[in-house]
Structure formats: structure tokens, C-alpha cells
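Remarks on the structure that follows.
Counting starts at 1 for both ligands and their atoms, in listed order.
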Amino acid sequence: MNHDDLRDWSKRAADWTQDYHATLRSRPVRAQTLPGATRAALPAAAPESPEPMEAIWADFERLIPPAMTHWQHPRFFAYFPANAAPASMLASQLANAIAAQGMLWQTAPAATELEQAMVGWLRAALGLPDRFGGTIHDSATTATLSAVLTMRERALDWAGVQQGLSEAPRLRLYASAETHSSVDKAARIAGIGQENLVKVPTDSTLSMKPGALAGAIAADRAAGYLPIGVVICAGGTSVGAFDRAADVVAVAKAAGLPTHVDAAWAGSAMICPEFRDLWAGVEGADSIVFNPHKWLGAQFDCSVQFIAEPRHQIRTLGLRPTYLETPGQDEIVNFNEWTVPLGRSFRALKLWFLLRAQGLEDLRGRIRNHVAWSRALCERLRAMPGVEIVTEPSLSLFSFALAEGDAATEALLARINDDGRVYLTQTRHRGRYAIRVQVGSFDCTEADVMTVAEVVQELRA
Ligand code: PLP
């Protein structure tokens with residue numbers, strides 16, 4: 001394929017994209033394929049000679065879409081969304097066309113400076129103070145890992161990156177059990193270890209108990225451990241739990257510890273001022289991650305980390321060998337020094353197009369609708385005999401179960417997802433198996449959301 005061919009095929013891809021999105025409602029949301037089926041349809045090795053594009057395209061249409069779960073489907077209510085607003089998809093196509101690698105300012109000046117600008121736009125949109133800098137990662141997992149590595153090095157006065165951890169005291173990190181498993185992963189990768197991630201007890205509202213946190217830190221210090229920081233949950237994945245950030249930050253600060261807030265999902269909702277009480281106090285945190293690629297509409301992947309004092313993270317993650325120097329530009333921002341990978345794709349373009357083409361008021365309207373429709377759906381399910389609400393709506397996420405017990409609820413979920421009109425996933429809350437419902441698909445309507453009630457009504461017997 002040459003660049004002339006690329007132009008022709010790109011036009012065809014644009015038409016295909018339109019058809020795909022226009023027909024999403026007629027497709028089952030979750031892939032209805034069996035494990036191994038796609039692989040079995042593929043040759044065992046790459047071809048030695050070029051194949052005609054027509055054949056490749058035909059195989060794509062035949063094999064790929066039917067075996068995909070459709071994340072942009074308006075009735076995708078599983079996990080959390082990975083919304084791709086049309087403007088952000090267009091920006092992705094342009095970023096792909098330029099195909100730059102933005103590791104240094106010099107390798108992509110516009111990408112670096114657009115990233116700085118977009119972090120500023122989003123900081124203001126979320127109502128955060130100007131003093132936060134920030135960067136864009138691929139994922140919240142990487143952002144949290146970066147924050148935890150920085151906590152570790154601050155506690156060790158950067159001895160860890162120089163000497164390793166073999167002489168270090170036993171490190172302790174704190175979070176509630178409602179925080180996402182990316183915090184566990186960060187503890188494992190950062191050499192802290194799963195056993196040293198202290199799961200602080202929560203109260204009846206699923207918020208970390210500040211007194212228990214203070215007690216755990218004091219007890220660990222007395223036992224000779226080295227506490228390094230606290231991760232605050234702002235919208236947990238299981239059922240949408242929130243820690244009271246102000247209280248946790250106060251305890252952490254009194255103990256001399258930094259804090260990182262995981263708002264990967266719920267952060268997008270903070271463009272609506274009326275939801276900000278849920279994370280009141282985050283302005284005192286050292287680091288906050290949220291994923292515009294979830295609820296906001298920036299095509300996956302795009303995860304923003306706000307950082308109060310970036311110099312600590314740069315000292316932890318940044319390396320500048322001669323081949324990465326920019327002669328005469330020592331003070332320039334090179335975002336690879338803020339993140340784990342060296343290479344970086346041009347993610348800021350998706351945010352720029354998204355925020356301009358939609359405008360914040362449109363995005364707020366969508367999120368407000370999702371929250372309202374989720375609450376309305378919750379009430380419809382509550383009114384159904386035999387259905388019990390397990391957790392009340394937290395923003396647009398709630399969970400329910402059948403009164404008959406876990407096995408019946410699990411069987412209902414399997415029937416719902418085999419049916420294909422909607423897609424829901426499960427969690428376990430206080431030992432009980434529950435079906436999660438999150439409303440957040442960019443193009444969903446109230447009728448799409450109410451389809452969940454129709455499907456449950458029909459299939460629960
Ligand atoms: N934190 C929360 C609250 C999440 O819900 C998720 C994923 O759903 C993550 C972190 C991890 O996000 P990512 O896939 O960007 O690593």
C-alpha cells in the first residue's frame with residue numbers, strides 16, 4: 001500500500017465508520033463469539049508476499065466486528081464506559097496520520113504544548129486550583145504507578161532509584177478495599193509488595209475511616225515500617241465508593257505523607273459543579289488521576305494526572321542521557337520525564353478536538369442525564385418484585401440482585417448478556433453477588449437506559 005492507496009482506503013474506512021456507528025443498536029452489545037473462534041479462522045503465519053487490500057478488507061469485515069464487544073454501543077452499561085466522541089475519533093485519525101513520537105518537546109513541540117494547555121483546560125473545568133501541573137498517560141494504572149513510585153522515592157529521599165530497595169525499610173502504602181486493583185498492581189510493581197498495601201477499614205458509607213488510617217500509620221511507624229503515602233478512592237469501580245478526601249488528606253498531612261486520588265471514572269463528573277462535594281478536599285492532594293477516555297468522551301487511551309509538585313515525579317522517573325538531551329534547551333518540558341514509557345503518542349489532540357467540538361456545557365448535559373437516568377432506572381428495578389437494590393446510585397452507578405440469591409443473580413446476568421440488547425457486569429459487595437449498572441455511554445438515550453428494566457423484567461423468571 002502506498003500513500004495514494006491510503007487516501008482511497010481512508011475514504012472507505014470513513015464510510016465504514018459511519019455505517020458501523022449507525023447500525024450499533026442492531027448489534028448484540030457483548031461479543032457472542034466462542035473462545036478460540038477468531039484465532040482458528042486466521043492463518044498460522046504471516047504471508048510472504050503482499051496480499052490485495054480487497055482481501056484484507058473482506059476478512060476484516062467478516063472476522064472482526066462480529067467478534068467484538070461494542071464499547072460505543074448506546075446500551076453498553078458494563079464496567080465503565082470508554083467513550084469516543086466523533087471529534088476525538090477524528091483527532092485520533094489525524095494524530096495517526098502525523099504518526100509522531102512525542103517523547104521530547106523537540107520531537108513534537110505542538111503535542112507537548114497542546115498537552116500543557118489541555119491539562120490547564122481540564123484543571124479549570126474540574127474546578128481544581130491553578131497550582132496543579134500535569135501530564136497525560138495511557139492509563140490510570142500507569143498514572144497511579146507513577147504517583148506511587150514518587151511516594152516511595154520521597155520517603156526514601158531518592159535512595160530507591162539509586163541503590164534499589166534491598167537495604168530499605170519495609171514500606172507501607174494505605175488505601176481502602178474499595179480502591180481499584182491498579183493500586184494493588186502499583187504496590188506490587190513498585191517493590192512495596194501486596195502485603196504492605198494496608199487496606200484501611202471503611203465505614204457504613206464505604207469511606208475510609210480517618211481514625212483507622214491515623215492508627216494504622218502510627219502503629220506501622222512504631223513497628224519500624226516506613227509509611228510512604230495514601231491513595232484516596234474517588235469513585236470506586238465496584239460500587240462507586242468515595243473516601244472523604246478532606247479528612248484523609250488531613251490525616252495524611254498530619255503524618256507527613258503525600259496523597260494520590262484515583263478518580264479515574266468519577267473525575268469526568270466533576271465538570272458539573274453540583275457533584276464536586278463528592279471529592280471535596282482533593283485540592284489538598286499531591287496527585288489526582290482521571291480518565292477522559294472513560295466518561296468524558298476522549299477516545300481511548302487518555303488518562304490525565306494532575307500533580308501539585310511535578311519536580312518530585314520528574315526526579316523519580318526522569319532520565320536524560322546524552323541522546324535525549326535538547327542542546328540549549330535544558331529547561332524545556334520533556335514529558336517522557338514525567339511518565340513511565342519513553343515514547344508517547346499525541347493524546348492531547350483528542351482532548352482539544354473533543355472540548356472544542358462539544359463544549360463543556362454539552363458534556364455536562366450528558367453526564368447529568370446519565371446520573372438522572374441511572375436513578376430513574378434504579379427506582380424501576382426497586383419496584384420489581386424479587387429484585388433488590390444492593391448499592392444505591394453513586395453518580396450513575398448502582399447494583400442490584402435477585403432476592404433468590406447469588407446463583408439466581410449470576411444466572412440472570414448470563415441470560416441478559418446472551419440476549420445482547422444490553423451489557424452488564426458483576427461485582428461482589430459485602431459477600432453478595434450483584435449486577436452493576438453504570439450509565440455513561442456517550443450516545444445513550446433514556447429509552448436505551450430503560451431497556452435494562454425491560455430486559456430484567458423479561459428474563460428474570
Ligand atoms: N481506577 C478506577 C476507579 C477504575 O475504574 C479503573 C478502570 O476501570 C482504573 C483505575 C484503571 O484504569 P486504566 O484502565 O486507565 O488503567
- Do Arg382's NZ or CZ and the ring of Phe400 fall within the cation-pi criteria of under 6.0 Å and 45°? no
- Examine Arg375 relative to Phe398 and say whether NZ or CZ is less than 6.0 Å from the centre of the six-membered ring and inside a 45° cone about the ring axis. no
- Inspect the contact between Glu283 and Arg123 and indicate whether a charged nitrogen and a carboxylate oxygen are less than 4.0 angstrom apart. no
List below, pair by pair, the N or O atoms of ligand 1 and of the protein that are less than 3.5 Å apart, including the distance to 0.1 Å; reply 'none' if no pair qualifies.
| from | atom 1 | to | atom 2 | distance (Å) |
| --- | --- | --- | --- | --- |
| ligand 1 | 1 (N) | Asp262 | OD1 | 3.1 |
| ligand 1 | 1 (N) | Asp262 | OD2 | 2.7 |
| ligand 1 | 5 (O) | Thr237 | OG1 | 2.7 |
| ligand 1 | 8 (O) | Lys294 | NZ | 3.2 |
| ligand 1 | 12 (O) | Lys294 | NZ | 3.4 |
| ligand 1 | 15 (O) | Ala140 | N | 2.8 |
| ligand 1 | 15 (O) | Asn291 | ND2 | 2.9 |
| ligand 1 | 16 (O) | Ala140 | N | 3.4 |
| ligand 1 | 16 (O) | Thr141 | N | 2.9 |
| ligand 1 | 16 (O) | Thr141 | OG1 | 2.5 |

- Task: State plainly whether the residues Arg344 and Asp138 are in salt-bridge range, i.e. N to O under 4.0 Å.
- Result: no
- Item | Asp443 and Arg25 ion-paired at < 4.0 Å | no
- So does Arg188 pair up with Asp184, basic N to acidic O under 4.0 Å? no
